[in-house]
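Every heavy atom of this structure was used, including side-chain atoms; hydrogens, water molecules and symmetry mates were not.
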Amino acid sequence: MEKSVPMNDWKAMKAQRAINRVHLIIHGAALAALFYYRITTIATTTSSTHFVAHLVIFTAELTLSFMWLLSQASLWNPVARTVYPERLPSDDDLPSLDVFICTADPVKEPSLGVMNTVISALALDYPPTKLHLYLSDDGGSPVTLRALQRARSFAKVWLPFCRKYKVKNRCPQAYFLGEEIGGQGRIGDGDSDTDHFFVDKKAIKEAYEDFKISLGKIVTEEDAGASRDHSPTIEVMSDDEEFPFVVYVAREKRPSHPHNFKAGALNVLLRVSGMMSNSPYILSLDCDMYCNDPASARQAMCFHLDPKLSQNLAFVQFPQIFHNIRRNHDIYDGAMRFVWTKWDGLNGLRGPVLSGTGFYIKREALYGIRKLQPNVDLNQLNEYYGSSNEFIKSIYRSYKMNFSSTDESMQKEVQLLASCSYDKGTKWGQEVGYRYFAVVEDYFTGFNLHCEGWISVYFAPSRPCFLGSSPISLSETLVQNMRWFLGLSQVALSKYSPLVYGAMRMSVLQSMAYAELAFYAIYFLPAYILALLPQLCLLAGVPLYPQVSSPFFPVFVFVFVSSQLKHAQEVLASGDSLRTWVNEQRVWVMKSLTSYSFAAANAILEKMGLAKASFVPTSKVTDDEVDKLYQMGKYDFRAPPPFMVILCSIYMLNLASLVVGLARVLVKGKMNEMAMQAFLPLFGVVMHYPLMEGMVLRKDGGRVSPSVSLLSVVVSSLVSAYAALAH
């Protein structure tokens with residue numbers, strides 16, 4: 001019998017794995033020595049002030065060590081994957097595919113960008129009769145509906161052009177801008193240089209310009225505001241059998257009913273699509289994450305159709321790559337390099353976390369059918385899936401539904417499925433569909449799927465399959481991260497905490513990897529302690545670290561240097577420069593002191609019933625001044641005042657402790673016992689010099705507000721004076 005040829009392959013990243021494991025052993029041994037010093041020092045300290053100071057700094061060291069230990073799970077066995085799309089079955093034998101795109105506000109998410117994502121998805125290299133696109137408009141805006149109709153009309157001329165000339169980048173906006181992506185060179189014009197090509201290209205460009213003008217007119221003619229109180233609207237656009245099926249969906253929203261953020265919108269798409277196309281696989285995209293390589297669907301199918309993987313494979317995750325991020329110039333860490341490094345490691349376990357966009361997921365995994373008994377009755381199914389018996393029938397059908405937009409009973413059924421009360425009293429959002437418990441519906445849904453025994457795959461091809469836009473201002477960065485880590489903290493503080501709930505349902509390493517993300521906001525605690533306590537103790541003359549002559553001094557130095565060198569090694573292994581290492585260090589501290597601390601505080605208050613989670617979409621509108629500052633490598637410090645007061649006050653405190661504290665140490669000849677404490681504020685002041693620049697030297701619009709600077713000086717002066725006088 002002839003052996004089947006595999007459609008995908010994997011190989012261990014042996015060099016990186018060896019580095020990770022050796023570092024784990026050596027760094028772990030150094031931490032053990034550090035703990036020994038700290039415990040013996042605390043046990044023998046007679047001064048109450050010294051006892052409290054050492055206890056607090058030990059809390060910071062324990063927290064950092066705990067998070068470091070959790071991080072080792074995703075470094076244990078990194079794996080890289082490859083695919084062979086040419087080995088896929090013929091087009092006739094490929095499964096059908098639904099594409100879900102969510103948008104919420106045409107003001108914050110301009111229609112031109114959203115429709116470019118839609119068009120790029122319609123142009124995927126996949127049989128058009130097996131491709132169906134659903135656009136969720138949570139704002140229920142007539143602007144988005146009319147824009148989708150125009151986008152579909154333009155796509156009817158754009159798609160034949162792309163196929164005829166084998167255009168690689170099928171997002172028209174990116175194609176005509178001739179963007180340069182990650183050293184790939186200019187996006188291709190096709191592989192033909194005939195006169196016909198240039199004539200057709202000119203015509204298609206004129207059609208695109210007309211399309212852009214028409215969208216501009218729609219915005220002026222319609223109310224662009226997003227509604228929070230509207231009836232469900234579902235419009236099917238399918239007048240051409242050779243063109244992908246397009247559906248506009250605005251679910252019902254009422255102020256009196258919870259709408260469950262993006263997860264609620266995705267579950268409506270899941271139900272509505274089940275009644276229409278019922279494809280076994282779904283591609284989920286953010287509205288600003290366009291398809292940069294039409295081959296992604298076939299690449300994903302190389303995993304989903306692999307007989308060795310398909311039975312338990314829930315989703316294939318592609319990385320999020322951002323076209324507006326400059327390599328080695330990512331001052332806000334918007335590329336999230338460290339995340340994708342971890343996903344390589346999770347590839348060697350049971351797969352990565354579901355990551356919001358750019359993933360191909362199996363419909364069956366979302367339905368949770370495996371949890372039902374084979375002889376389950378209709379009443380039990382209604383408890384799980386709701387009152388629509390027609391939808392329940394679709395769950396067990398693997399073929400395309402015969403949906404008709406002129407069938408009134410069918411129209412009523414999909415209206416019911418898109419109603420705001422349909423989820424009530426069912427398992428939707430709990431055991432079925434995308435999960436509602438936390439605002440990070442992607443993380444929580446993937447976590448539950450892994451707990452149920454499903455696996456996932458991370459695939460990062462050389463050409464990015466999806467490209468989006470990342471915040472390029474400090475304000476958007478910090479607010480976005482606060483929202484993400486609020487959701488993760490919700491999970492950490494709940495009964496679903498990965499170290500308890502996950503450890504009983506998945507491997508220890510997998511639960512550690514999920515726990516690292518869930519508890520990530522706790523970094524705010526050591527960040528605050530290390531940014532304040534050593535500096536205040538330096539002013540007060542209280543030693544926290546061993547003397548230079550102590551045998552434990554090299555231990556502390558080694559732990560610091562070891563962690564920094566490991567981070568630098570990972571950055572360089574990713575193909576980035578040491579400038580990226582500096583940027584990541586700097587922004588990590590900024591996020592820890594602001595986003596993570598506010599996220600943790602909000603999660604705790606919510607747990608106590610004193611606050612409620614909210615979700616605001618990140619603005620996709622680009623400000624020219626913000627973009628100019630980013631291109632110049634200058635931070636835009638127009639962030640929320642509470643954030644900036646915290647950052648600037650701590651910076652000024654570090655500067656004061658360095659100048660005053662170091663002077664005192666030199667005068668009193670105590671450098672031997674205070675050397676390390678003098679180094680910490682020096683490191684902070686140098687690393688975060690852009691804050692000083694923003695407060696003192698810059699005069700542009702992105703500088704630190706004078707009122708923030710003044711308040712920060714007052715706060716830091718009062719705290720510094722108190723510490724100095726306390727001595």
Side-chain angles (χ1 to χ4, degrees), residues 101 103 105-125 128 133 135 137 141-181 184-224 237 239-240 243-244 246 248 285-294 323-324 466-469 619-624 627-628:
I101 299 174
T103 186
D105 188 336
V107 175
K108 290 188 175 182
E109 299 166 340
S111 293
L112 180 60
V114 176
M115 295 309 139
N116 267 276
T117 298
V118 167
I119 293 166
S120 71
L122 291 173
L124 284 169
D125 180 17
L133 186 140
L135 177 67
D137 174 21
S141 172
V143 169
T144 305
L145 174 57
R146 289 184 59 189
L148 181 62
Q149 293 167 339
R150 288 291 301 120
R152 188 173 183 275
S153 297
F154 172 71
K156 285 188 174 182
V157 295
W158 171 250
L159 267 62
F161 170 79
C162 292
R163 291 167 184 157
K164 180 178 180 181
Y165 295 108
K166 297 182 174 63
V167 173
K168 193 72 171 174
N169 189 339
R170 299 186 179 183
C171 172
Q173 186 175 44
Y175 178 81
F176 290 119
L177 284 176
E179 290 181 327
E180 302 217 358
I181 307 300
Q184 302 265 345
R186 295 187 73 82
I187 294 173
D189 288 337
D191 58 359
S192 171
D193 57 357
T194 62
D195 292 339
H196 292 294
F197 167 72
F198 292 110
V199 170
D200 289 348
K201 182 180 178 182
K202 182 179 179 181
I204 201 70
K205 187 172 184 179
E206 290 174 353
Y208 180 65
E209 292 301 321
D210 291 341
F211 166 65
K212 290 198 296 183
I213 292 170
S214 69
L215 292 191
K217 289 181 179 178
I218 291 171
V219 172
T220 60
E221 294 170 359
E222 301 282 1
D223 179 10
M237 308 172 194
D239 56 2
D240 186 347
F243 191 82
V246 178
Y248 169 87
L285 290 175
D286 282 347
C287 63
D288 65 331
M289 187 65 66
Y290 68 81
C291 300
N292 182 58
D293 188 343
H323 60 79
N324 64 333
F466 304 100
L467 287 174
S469 58
S619 177
K620 308 301 188 297
V621 180
T622 302
D623 182 276
D624 289 340
D627 185 64
K628 181 180 178 181

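Side-chain contact check for V143 versus P106: some heavy-atom pair is nearer than 4.5 Å. When side chains are defined from C-beta on, E209 counts as touching K212, because their heavy atoms get closer than 4.5 Å. Between V157 and I204 there is a side-chain heavy-atom pair separated by less than 4.5 Å. At least one side-chain heavy atom of Y248 sits less than 4.5 Å from a side-chain heavy atom of T144. Residues H196 and Y165 form a side-chain contact, since some pair of their non-hydrogen atoms from C-beta on lies under 4.5 Å apart.
For the atom pair NZ of K166 and CZ of F161, the computed distance is 12.5 Å after rounding to the nearest 0.5 Å. Between C171 atom SG and M289 atom CE the span is 12.0 Å, to the nearest 0.5 Å. In this structure, R152 CZ and Q149 CD are separated by 10.0 Å, a value rounded to the nearest 0.5 Å. Distance CG/L112 to OG1/T117: 9.5 Å, rounded to 0.5 Å. Rounded to the nearest 0.5 Å, atoms CD (Q173) and CZ (F211) are 9.5 Å apart. Here K168 contributes atom NZ and C162 contributes atom SG; the two are 12.0 Å apart, rounded to the nearest 0.5 Å.
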- request: For S141 and L145, run side chain to side chain contact (heavy atoms under 4.5 Å, CB included): C-alpha distance rounded to whole Å, both residues' side-chain angles, the deciding distance at 0.1 Å, then the answer.
  value: CA-CA 7 Å; S141 172; L145 174 57; over 6 Å; no

Checking side chain to side chain contact (heavy atoms under 4.5 Å, CB included) for the pair D125/R163: CA distance, chi angles, key distance, verdict? CA-CA 9 Å; D125 180 17; R163 291 167 184 157; over 6 Å; no

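Heavy atoms only, all atoms of each residue included: L159 and I119 are closest at CD1-O, 4.4 Å. Summarising the geometry of N169 relative to C291, their closest heavy-atom pair is OD1-O, 4.1 Å, with the distance given to 0.1 Å. Closest approach of A155 and F243 over heavy atoms only: CB-CZ, 3.6 Å. Taking each heavy atom of R150 and S214 in turn, the nearest pair found is NE-OG, 3.0 Å. Across K201 and F176, no two heavy atoms sit closer than the pair O-CE2, 4.5 Å. Between C287 and E109, the shortest heavy-atom contact is SG-CD, 3.6 Å.
In this structure, a donor-acceptor pair under 3.5 Å is absent between the side chains of Y175 and N116. Checking D288 against S469 by side-chain atom types alone, a donor-acceptor pair falls below 3.5 Å.
Remark: of the listed residues V118, L135, L148, L148 is the sole one forming a side chain to side chain contact (heavy atoms under 4.5 Å, CB included) with V246.
In this structure, W158 contributes its side chain and R170 its backbone to a donor-acceptor pair below 3.5 Å.
A distance of 6.0 Å or more separates the ring centres of F466 and Y290.
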